[in-house]
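Below is one structure, written out as structure tokens; comments come after it.
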Amino acid sequence: MKGFRYLEGVATLELNRELCVGCGRCIEVCPHQVFQLEEKRALLADREACMECGACALNCPAAAINVDAGVGCASGLINEWLREKRIPGFTGSGCCG
Amino acid sequence: MNDKVPGFIRWYPAGQGQVPQLSTSLTAADRLGACKARWGINRMHYLVPAGLYAIGAPDAEAPVVVTANYKMSFDLVRKALAGRNVWLLVLETFGINVWCAAGKGTFGTDELVRRVAATALSGVVSHRRLILPILGAPGVSAHQVKRRSGFDVAYAAIRADDLPEYLDNGGRTTASMRELSFNWYERLVLVPVELVLVLKPSLPVALILYLAAWLAAGPGAAATVVAGYAGAVFTGVAAAPVLLPLLPSRSFAVKGGAAGLVYTFLFRLAAGGEGWSLPVTLAAFLAFPAVTSFYTLNFTGCTTYTSKSGVKKEMRLGLPVLGGAILAALLLVTVGRMLS
């Protein structure tokens with residue numbers, strides 16, 4: 001995204017080009033222009049720009065994309081950890097209401 | 001669904017039934033409601049009924065645009081579609097905007113398929129095409145929707161404002177319609193609700209700080225400590241997010257820490273900090289930037305470009321440092337107090 005880049009080397013996005021059918025859905029849904037089509041198959045043109053929203057994987061009809069999708073929100077992650085640790089009385093749903 | 005829905009003009013025939021025909025101009029009440037929601041007032045109940053609506057005089061060939069039932073989303077879309085003949089299919093996202101609802105899955109495949117059936121859409125339109133916002137894609141699987149409902153999904157644009165151009169050029173998405181942004185205004189409008197949300201957890205902390213500082217050093221010191229803490233929170237929640245591109249590093253924790261150091265420097269000048277003891281000065285420069293850093297890190301949840309893995313990494317590395325800084329500050333103040 002113009003003017004903004006987040007940490008390098010953390011994205012969990014993976015593309016299996018062998019499975020790709022070249023439909024271009026990933027290019028359509030990615031808000032960060034991570035994918036490109038090359039020789040009728042998708043290519044990770046800018047993997048580091050991935051924000052792990054999961055749209056590409058969910059919309060890939062060939063299941064060629066894998067990503068550990070979720071919302072990167074510190075409060076949400078803390079709440080998730082607290083829930084996992086079963087802190088009594090904690091049932092918060094995290095961020096964004 | 002009744003004639004009390006926002007923007008209702010009249011009932012309009014749709015297949016075997018009828019749906020509300022909507023106005024595309026927003027009233028003062030619509031604008032006030034949006035402004036209140038930005039400040040967290042009635043935000044979780046700011047919604048419209050899910051279902052099918054008519055904009056203009058759509059016929060069986062008219063496009064179907066899909067959105068969420070957060071009233072701000074609904075208003076943005078109907079306003080953008082002024083002068084068009086379009087069906088508006090509103091999904092039940094419980095008053096959450098498209099992107100957050102897609103992340104939660106409520107703006108999702110199941111709800112879309114359910115809503116298409118519930119509104120008998122296949123009897124209203126002769127084509128089989130749904131126009132979705134691109135930011136709805138994290139919740140919707142286009143090929144599953146096709147398989148389960150017979151409708152094709154087209155992801156049109158990120159912003160509702162691009163819908164007219166999209167419709168005019170025959171349903172083609174241009175590169176700019178697909179590109180996210182996060183400009184000054186887009187960051188600024190997020191700040192009010194964040195400030196309101198932070199009040200609840202901050203007030204008890206401020207109270208404890210006030211009492212502790214009062215007992216240790218009297219009312220003057222207590223007021224200074226609480227003012228310093230409030231300013232540190234404000235810097236992290238409001239100032240750092242707005243100044244985001246000006247702050248150093250890609251890490252939000254580091255950005256917040258840097259903003260916090262500048263803030264503490266300014267606060268010390270304003271609060272007559274020349275008279276502070278060395279331990280108190282050190283404690284201020286440890287604790288306030290730590291508070292600012294935490295709240296700036298928390299803003300990752302509102303940005304348009306941070307990833308879960310990145311935030312996890314920042315938290316794994318950053319939280320022990322921030323906790324250590326707060327602990328060290330408390331020790332410094334306590335030990336300094338005992339020695340003086």
Side-chain angles (χ1 to χ4, degrees), chain A residues 1-14 21 23-36 46-65 67-81 92-97, chain B residues 43-44 94-97 99-104 108-109 134-144 146 153-155 158 173 175 178-183 197 201 244-245 250-253 294-315 318-319:
Chain A
M1 192 168 80
K2 276 179 195 145
F4 295 96
R5 297 289 289 191
Y6 197 42
L7 308 183
E8 297 275 326
V10 290
T12 53
L13 177 67
E14 281 169 10
V21 293
C23 70
R25 271 289 187 194
C26 49
I27 296 163
E28 222 181 280
V29 299
C30 177
H32 287 294
Q33 291 73 51
V34 166
F35 300 90
Q36 268 177 21
D46 189 6
R47 185 170 179 272
E48 296 297 339
C50 174
M51 65 177 296
E52 300 178 326
C53 71
C56 53
L58 191 61
N59 281 279
C60 178
I65 303 172
V67 60
D68 181 15
V71 181
C73 167
S75 298
L77 288 172
I78 290 174
N79 289 349
E80 203 177 289
W81 286 347
S93 69
C95 53
C96 307
Chain B
R43 176 166 158 264
M44 301 318 287
F94 308 96
I96 305 290
N97 69 71
W99 205 4
C100 286
K104 289 171 183 289
T109 307
I134 290 178
L135 294 184
V140 176
S141 174
H143 53 280
Q144 297 278 357
K146 170 79 176 167
V153 168
Y155 295 106
I158 286 177
T173 303
R178 207 172 267 155
E179 205 171 310
L180 265 175
S181 58
F182 202 37
N183 62 36
L197 289 176
L244 209 56
R250 290 180 178 191
S251 148
F252 277 60
F294 176 77
Y295 282 109
T296 308
L297 176 56
N298 198 36
F299 188 69
T300 49
C302 305
T303 73
T304 57
Y305 70 103
T306 53
S307 62
K308 185 171 107 177
S309 299
V311 176
K312 270 188 174 168
K313 183 180 177 184
E314 286 215 58
M315 288 173 61
L319 288 187

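Labels below follow one simple rule: chain letters A, B, ... track the order of the sequence lines, proteins then strands, and each chain is numbered from 1.
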Checklist entry - How far apart are the C-alpha atoms of Ile96(B) and Met44(B), what are their side-chain angles, what is the distance that settles it, and do they pass the side chain to side chain contact (heavy atoms under 4.5 Å, CB included) test? => result CA-CA 8 Å; Ile96(B) 305 290; Met44(B) 301 318 287; 3.7 Å; yes
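Contacts with chain B were tallied for Cys53(A), Cys23(A), Gly54(A), Cys56(A); Cys53(A) has the most, counting heavy-atom pairs under 4.5 Å. Among the candidates Glu179(B), Lys312(B), Lys313(B), Gln144(B), the residue making the largest number of heavy-atom pairs closer than 4.5 Å to chain A is Glu179(B).
Ring pair Tyr6(A)/Tyr305(B) is perpendicular by interplanar angle, where above 60° counts as perpendicular and below 30° as parallel.
Using a 4.5 Å cut-off between heavy atoms, Thr109(B) does not touch chain A at all. Heavy-atom distances place the side chain of Gln33(A), and not its backbone, under 4.5 Å from chain B. Of the two parts of Cys50(A), only the backbone, made up of N, CA, C and O, holds a non-hydrogen atom closer than 4.5 Å to a non-hydrogen atom of chain B. In this structure, no portion of Thr173(B) lies under 4.5 Å from any heavy atom of chain A. For chain A, the nearby part of Ile158(B) is the side chain; its heavy atoms alone come within less than 4.5 Å. Neither the backbone nor the side chain of Phe299(B) comes within less than 4.5 Å of any heavy atom in chain A. Of the atoms belonging to Leu135(B), it is side-chain heavy atoms, and not backbone ones, that fall under 4.5 Å from chain A.
Side-chain atoms of Glu52(A) come within 3.5 Å of backbone N or O of Thr12(A) as a donor-acceptor pair. The backbone N or O of Thr304(B) lies less than 3.5 Å from a partner atom in the side chain of His32(A), making a donor-acceptor pair.
For the atom pair Phe4(A) CZ and Thr303(B) OG1, the distance stands at 9.0 Å (nearest 0.5 Å). Put simply, NE2 on His143(B) and SG on Cys60(A) are 7.0 Å apart, with the number rounded to the nearest 0.5 Å. To the nearest 0.5 Å, atoms CD1 (Ile134(B)) and CZ (Arg178(B)) are separated by 5.5 Å.
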